[in-house]
Number of protein chains: 2
Amino acid sequence: MSNNTATRVDGVLTTVQSVDRAITVLEILASAGEAGVTEIAAELGVHKSTAFRLVAALENRGLVEQNSERGKYCLGVGIIRLAGAATARLDLVQESRGITRQLAAETGETVNLAVLSDGAALYVDQVSGSSALQSHNWVGQRIPLHATSNAKVLLSGLPDKEILATAGQLRSFTPSTITSGKRLRAAVTKVREEGYAVAVDELELGLTAVAAPIRNASGDVRASMSLSGPTFRLNRGRVDDVLPTLLAAALQVSQRLGWREA
Amino acid sequence: MSNNTATRVDGVLTTVQSVDRAITVLEILASAGEAGVTEIAAELGVHKSTAFRLVAALENRGLVEQNSERGKYCLGVGIIRLAGAATARLDLVQESRGITRQLAAETGETVNLAVLSDGAALYVDQVSGSSALQSHNWVGQRIPLHATSNAKVLLSGLPDKEILATAGQLRSFTPSTITSGKRLRAAVTKVREEGYAVAVDELELGLTAVAAPIRNASGDVRASMSLSGPTFRLNRGRVDDVLPTLLAAALQVSQRLGWREA
DNA sequence: CTCTAGTGTTCCGTCATGAGCAACAATACG
DNA sequence: CGTATTGTTGCTCATGACGGAACACTAGAG
């Protein structure tokens, strides 16, 4: 994160220094929540004044905000505005909204949509179930690629050799988390055969999820749709109950994206 | 949008040219959906190659994506990632999630949270009601400041002289839309007195919404919480029914932000 | 098929522009 | 009250971003 020699090293990296730094500023703020000019400058490895000018440029356009006159900086609402446009553009979210809503209504559980992004599962949409439990909002979050049903589905779309590399470090969250490469591969193979994935207590104790792939016209796995809820309610039998509904919904979205069942 | 002489004109505008241009690129993509290098260059008033380098810099960091090798560009998922962090940061969204969810569950209608941003109401969060109707997602959208209940609430926090300037042009959406400055002022005054706002068929025929202010510790209107649904269901009587619940919820959020009822 | 008119992409020399310095203002702390 | 932090702002120099022009590639027309 410090030495950005990237000017035009090979030909694959054509970048603009200040823009690149500005984006780094945004990412620093995203992960830190808030930061001061000096702190940002240190992280960037540049002079205070340089960092200040970058932040000021971002602030003029509403991408960052200053907590108080002469205070720390944090991400601004301008980002949300852009994100609104970005999700609207993702025909994925657009096309699936109605279907996911209906699925959530029918089952009463929370429905999530995730895509592969930079070695993690990025949650792009969520419709909450009617049950008042489980109110966490996942949208915009990035979850490691081995501990959820969505992750396994997304991995199932990759060629075998890329699976382990993409999943990265198999950190353990609960006793049930998959931590060996061998078991992860086996799980992914199972997903390919059965067409869905289940994860019980793997990311969080008491949290169960089922996921199914969403494919585009060329058959690639573009996203994963999951249904999640507390383990005591979403037990073995209940999972079998809702599975057909979930599969049907995912298939429906796939078809809207041009996928024709093989 | 063309002549950006803004280098350091007065002292209030300290900006970095390339960063500023890069942000403009993002905004162009946000409003156009997708655009090619040539188109972007034209809009920016710079050379093709300059525009290309900017886009490439953004692409390297995932803020924009290229539709296909050698194709048009559109906003990327990186934006969504940042936005996730931004909303998490907005203590507003954080603090209110649980309360908005409960409100949605109790009433069965859709709950929205909007803030004032750059002369428009920016919707920052939404929890859908259980009723399967009305599936539009407003998050990230910017709505004119005169045609919704949220808008009136947000305006009610401004000094009188700024109201008309901030609201801008009073475009008509339906026969019920407020189009005269005088009527808008009257509506805002009414909101101040009653502590809530109602809008029936003003933005869209058949859409009714009620909104209440959320205040911070110093008593400023920081956001507006609304409850919306189809007019036939959310009729006069029903509005009166849910109003106390809405007011209580908004008050609860205000209190979490440090507001002590006067 | 060629020819033209569009794309997006790359290379390079030049000069505007953004970087670093250092001084400044405004806090917080001892 | 001094000292040690912040965030902020002119100033100057060279760095790095700019525009020009040539390239690669696709699509369509003739």
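Values in this document were obtained by computation on a predicted structure and should not be read as measured data.
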Determine whether any donor atom in the side chain of A/R21 lies under 3.5 Å from an acceptor atom in the base of C/dG18, or the reverse, and answer yes or no. no
Rounded off to whole Å, could you give me the CD-to-C1' distance for the B/Q66 and D/dC25 pair? 13 Å
Could you say whether A/V19 or A/T38 is positioned toward the 5' end of DNA chain D, judged by the nucleotide with the nearest heavy atom to each? A/T38
Rounded off to whole Å, could you give me the CD-to-C1' distance for the A/E59 and D/dT9 pair? 15 Å
Less than 4.5 Å apart, side chain to side chain, heavy atoms only: is that true for B/L184 and B/L155? yes
On the nucleotide D/dA17, are OP1 or OP2 found under 4.0 Å from the side-chain N or O atoms that A/Q17 carries? yes
If I take atom CD in residue B/E39 and atom C1' in nucleotide C/dG6, what distance separates them, rounded to the nearest angstrom? 14 Å
A/T50 vs C/dG20: side-chain N/O to OP1/OP2 distance below 4.0 Å: yes
Atom CG of B/D20 and atom P of D/dC18 are separated, to the nearest Å, by 12 Å
Could you state the CG-C1' distance from B/N60 to C/dT9, rounded to the nearest angstrom? 14 Å
If we only count heavy atoms from C-beta on, is the B/I214 to B/L113 side-chain gap below 4.5 Å? yes
Once you apply a heavy-atom cut-off of 4.0 Å, does A/S49 come out as touching a base, just sugar-phosphate, or nothing? base
Begin with the C-alpha distance, continue with both residues' side-chain angles, and end with the deciding distance and a verdict on salt bridge (Lys or Arg N to Asp or Glu O under 4.0 Å) for A/D160 and A/R185. CA-CA 8 Å; A/D160 271 332; A/R185 277 184 125 124; 5.0 Å; no
Roughly, in whole Å, what's the span from NZ in B/K72 to P in D/dT26? 17 Å
Do A/T24 and B/R61 pair up side chain to side chain, a donor and an acceptor below 3.5 Å, judged on atom types alone? yes
Does the base of D/dG19 carry an N or O that pairs as donor and acceptor with the side chain of B/K48 under 3.5 Å? no
Look at A/Y73 and D/dT6 and indicate whether a side-chain polar atom (N or O) is within less than 4.0 Å of OP1 or OP2. no
It should be established whether B/S18 places a side-chain nitrogen or oxygen under 4.0 Å from OP1 or OP2 of nucleotide D/dG16. no
Expressed as a whole number of angstroms, how long is the span from A/R53:CZ to C/dC21:P? 12 Å
Report yes if a side-chain nitrogen or oxygen of A/H47 is closer than 4.0 Å to either non-bridging phosphate oxygen (OP1 or OP2) of C/dC21; otherwise report no. yes
Nucleotide D/dT8, atom P - distance to CD1 of A/I40 in whole Å: 11 Å
Determine the minimum heavy-atom distance between B/T15 and A/A57, stating which atoms define it. OG1-CB, 3.6 Å
